[in-house]
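Below you'll find the structure, written out as structure tokens, and then a few comments.
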Amino acid sequence: MSELVLEIKNLFINAKNYQKPLVNDISINVNKGEIVGLVGESGAGKTLTSLSILNLFDKNSLLTSKGSINLYKGTKCFNISNLDKENLRQLRKNQIGLIFQEPMSALNPMMTCGNQVMEVIIHNNQIRTLKKVIYSIVNTTERIISKLLNRDFTILNRGLYFEAKLKVINWFKILKIEDPEKTFSKYPHELSGGQKQRVIIAMALIKNPILLLADEPTTALDKFTQEAIIDDLKTLQKETQLATLFVSHDLQLIKKIADRIYIMKNGEIIEEGINEEIFNSPKHLYTRDLIASCPPNDRKLSELPTRKHFMSFDNEGYLGDINISLNELIKSLTVAKSKAVNKSKLLMNNNAIMQIKKLNKVYKAKKNKAINHVIKNISFNIFQGETLGIIGESGSGKSSLGKTLVGINVPTSGEVLFKNKNVYKMNSELIKTFRKSVQIVFQDPYSSLNPNQTIFETLKEPLVVHKIVPKDLINQEIDKLLNQVDLPLITKNKFPRELSGGQRQRVCIARALALEPQVIIFDESVSSLDVSVKADILNLLTRLKNEHNLTFVFISHDLSVIRFISDRIMVIKDGKIIEIGISEEIFNDPKDKYSKALLLSNS
């Protein structure tokens, strides 16, 4: 019989002045040596549930909970719901590890990475405050001398500080952190996103907890980094028989890592089961729709499955669910490789709307010292009417390239030609036309919109500045734009904070369409969206592209999204083009070694 570690029974979480519970009567069990996935879209109550386990609610949040949350260690049972402040602190400190979603905000920017992880050991040994100050001074001194000598330098070579430091460096080695001794003395901003997340994992595991809570731990990482961290985390979890609750909205990720899965919707558990049962024979319609919304890795579809594909009118004219399996639906939407390749070849016969020639971008520090050569002698064409997908790991230069194409990131050398004219040598009249013709949609829609403007004011601004329509027709034009992106007309009276993430991204797309562009660049524009919302947005973009004869450049680290939407793809690494060609040809038979490894990370 499995050894129970975490037991949540009949948990309710309520907010003041809100009648319906945010989390409604849920029960979850996690056993020793087991990874349990908690899956749901934004607002489902996943993060609230994980925070309730540690009772980490903000004092000002006006949230209250009831039900029981028990943590078991051997024969001991800790009723977390009823623990006093000191015992709860001890439980957090010694028994439960927590991995947050965003490592940069989880790490202290003023402390070195090694010192932050070592702090866990020193606090657990109840060291006096004076000694902690001395250890901090020692760590700072070692860092300064190590930098001056350009090698690792140690002041204390015995005692608790020295042993703690060795333990931290050993965990850095276990988690495959680059150059563990040097990383010990580095600050968070000196590490990549993946390396920072490994430091957070080390901090969670170094105290040998009995339960690990991982709340969207790899969402912000590229597929390569995500795959490596998940593999290492799963290996460590199995070796230590650690009970793990893994919270995510990424079903493909949960499929790879979880033993059992709970599906959440609107604060309730609507389905639970072992991994194979959930993915091969989902019982709830919502679960089926979620799984269907994930772009498949192994084929190209004409459209991504959404709720509408499982509904139809019966003989009496009533709209309802139809009895069709997911496999049947996927088969009916699959585009044959030959058809996709022929379409891409036809598009390549069109004129190149943009030409990029020997492009270089170097970011410089003071005194003109080059610190980062992000784009290295890149040349390629973008053909009228195609979607060019750009894929690569974090730091490969994708976003820098996208900003250079749209004219907001001046290249160090090389040319960006739009209709045979150099963008960076255009006069004021031509640059204004270019700004209208080439638009960009960024990753985070909330930070892209002015929080103090209504959606009407947001969409009105480009129409007025560029004199797209007469003033008396602006309201009518805004209604048309909202209809094009499938938003209700009442949306124009709302502020961004009143919209969901998917709705905000639709507004950003409508704002780009307002200028009647010829090219739209999408920079990770669907990466932060839930799977069903992502599927709706991608289907919308496909429809808009065909209706308006648009040209897209789609930047992403999500390979399944790139395969669905792209006619051609370009693989870049360290600022260089590794491979470029027709999407289906590269996905089926990549020529470059790096491309093969990258595509394998999505299989």
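Scope of the values below: all heavy atoms of this structure, side chains included, with no hydrogens, waters or symmetry mates. We're numbering straight along the sequence, starting at 1.
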- Check whether any side-chain heavy atom of His189 lies under 4.5 Å from a side-chain heavy atom of Pro109, and answer yes or no. no

- Query: Does Arg563 offer a backbone N or O that forms a donor-acceptor pair with the side chain of Lys300 under 3.5 Å?
  - Reply: yes

- Query: With distance as the sole test, does Glu584 use its side chain to make a donor-acceptor pair with the main-chain N or O of Ala340 at under 3.5 Å?
  - Reply: no

- Contact summary for Met348 and Phe383, nearest pair of heavy atoms: O-CE2, 3.6 Å

- Would the number of heavy atoms belonging to other residues, nucleotides or ligands and lying under 6.0 Å from NZ of Lys576 be above 12? no

- Message: Distance check, rounded to the nearest 0.5 Å: Leu405 atom CG versus Phe418 atom CZ?
- Response: 12.0 Å

- Query: Of the non-hydrogen atoms in Leu242 and Leu205, which two are nearest, and what is the gap between them?
  - Reply: CD2-CD2, 3.5 Å

- Evaluate whether atom NZ of Lys339 has more than 12 neighbouring non-hydrogen atoms of other residues, nucleotides or ligands under 6.0 angstrom away. no

- Backbone N or O of Pro496 within a donor-acceptor pair of the Arg504 side chain at under 3.5 Å? yes

- Message: Quick check against the 3.5 Å criterion: does His557 have a side-chain atom that pairs as donor or acceptor with the backbone of Leu559?
- Response: no

- Looking at CZ of Phe564 and CZ of Arg299, how far apart are the two atoms once the value is rounded to the nearest 0.5 Å? 14.0 Å

- Message: Is it true that, when you exclude Glu461 itself, more than 12 heavy atoms of the residues, nucleotides or ligands shown sit nearer than 6.0 Å to its CD?
- Response: no

- Lys/Arg N to Asp/Glu carboxylate O, Asp179 vs Lys186, below 4.0 Å: no

- Query: Quick one: do the Ser413 and Asn360 side chains pair a donor with an acceptor below 3.5 Å?
  - Reply: yes

- Taking the side chain as every heavy atom from C-beta outward, state whether Leu499 and Ile455 have any pair of such atoms under 4.5 Å apart. yes

- Which pair of non-hydrogen atoms, one from Gln195 and one from Glu178, has the smallest distance, and what is that distance? OE1-N, 2.9 Å

- Message: Walk me through whether Arg497 and Tyr446 qualify under side-chain contact (heavy atoms from CB on, under 4.5 Å).
- Response: CA-CA 8 Å; Arg497 63 178 178 273; Tyr446 192 73; 3.9 Å; yes

- Message: Over 60° means perpendicular and under 30° means parallel, so tell me whether Phe184 and Phe172 are parallel, tilted or perpendicular.
- Response: tilted

- Under 3.5 Å: donor-acceptor pair, side chain of Asn342, backbone of Ser338: yes

- Which one of Ile509, Leu550, Thr387 satisfies the side-chain contact (heavy atoms from CB on, under 4.5 Å) criterion with Leu541? Ile509

- Is Asp486 salt-bridged to Arg543, cutoff N-O under 4.0 Å? yes

- Query: Is there side-chain contact between Lys573 and Glu393, with heavy atoms separated by less than 4.5 Å?
  - Reply: yes

- Item | Approximate separation, where rounding is to 0.5 Å, of Ile390 CD1 and Met570 CE | 4.0 Å

- Check: Val374 main-chain N/O paired with Ser400 side-chain donor or acceptor under 3.5 Å: no

- Message: Run Asn420 and Gln355 through side-chain contact (heavy atoms from CB on, under 4.5 Å) and show every step you take.
- Response: CA-CA 7 Å; Asn420 298 316; Gln355 296 167 280; 3.0 Å; yes

- Query: Is the number of heavy atoms from other residues, nucleotides or ligands within 6.0 Å of CG (Asn427) greater than 12?
  - Reply: yes

- Expected output: side-chain Ser532 to main-chain Leu290 donor-acceptor under 3.5 Å: no

- Message: Measuring from atom CG of Leu107 to atom CD1 of Ile200, what distance do you get when rounded to the nearest 0.5 angstrom?
- Response: 3.5 Å

- Item | Heavy-atom donor-acceptor pair, Glu415 side chain to Asn422 backbone, under 3.5 Å | no

- Counting heavy atoms not belonging to Glu547, are there more than 12 under 6.0 Å from its CD? yes

- Message: Is it true that, when you exclude Lys376 itself, more than 12 heavy atoms of the residues, nucleotides or ligands shown sit nearer than 6.0 Å to its NZ?
- Response: yes

- Please lay out, stage by stage, how Ile537 and Arg506 fare under the test side-chain contact (heavy atoms from CB on, under 4.5 Å). CA-CA 7 Å; Ile537 295 288; Arg506 287 172 188 267; 3.5 Å; yes

- Message: For a quick test of reading the model, state the closest non-hydrogen atom pair linking Leu481 to Ala510 and the distance between them.
- Response: CD2-O, 3.8 Å

- Identify the two heavy atoms, one from Gln197 and one from Ile229, that lie closest to each other, and give their separation to 0.1 Å. CB-CD1, 4.1 Å

- Task: Would you please test Leu212 and Leu233 for side-chain contact (heavy atoms from CB on, under 4.5 Å) and show each step?
- Result: CA-CA 11 Å; Leu212 178 66; Leu233 191 57; 4.2 Å; yes

- Note on the structure: Scanning both residues in full, the closest heavy-atom pair of Ile440 with Gly402 reads CD1-O, 4.5 Å

- NZ/NE/NH1/NH2 to OD/OE distance under 4.0 Å, Lys534 and Asp536: no

- Item | Salt bridge flag under 4.0 Å for residues Asp567 and Lys545 | yes

- Is it true that a side-chain atom of Asn350 and a backbone atom of Gln384 form a donor plus acceptor pair closer than 3.5 Å? yes

- Any Lys/Arg nitrogen of Lys256 or Glu227 sitting under 4.0 Å from an Asp/Glu carboxylate oxygen of the other? yes

- Does any N or O in the side chain of Lys361 come within less than 3.5 Å of the main-chain N or O of Thr412, such that one atom is a donor and the other an acceptor? no

- Residues Lys173, Glu181: salt bridge by 4.0 Å N-O rule: yes

- Item | Partner of His249 under side chain to side chain donor-acceptor pair (under 3.5 Å), chosen from Glu41, Lys46, Glu216 | Glu216

- Asn452 side, atom CG; Thr458 side, atom OG1 - distance, nearest 0.5 Å: 10.0 Å

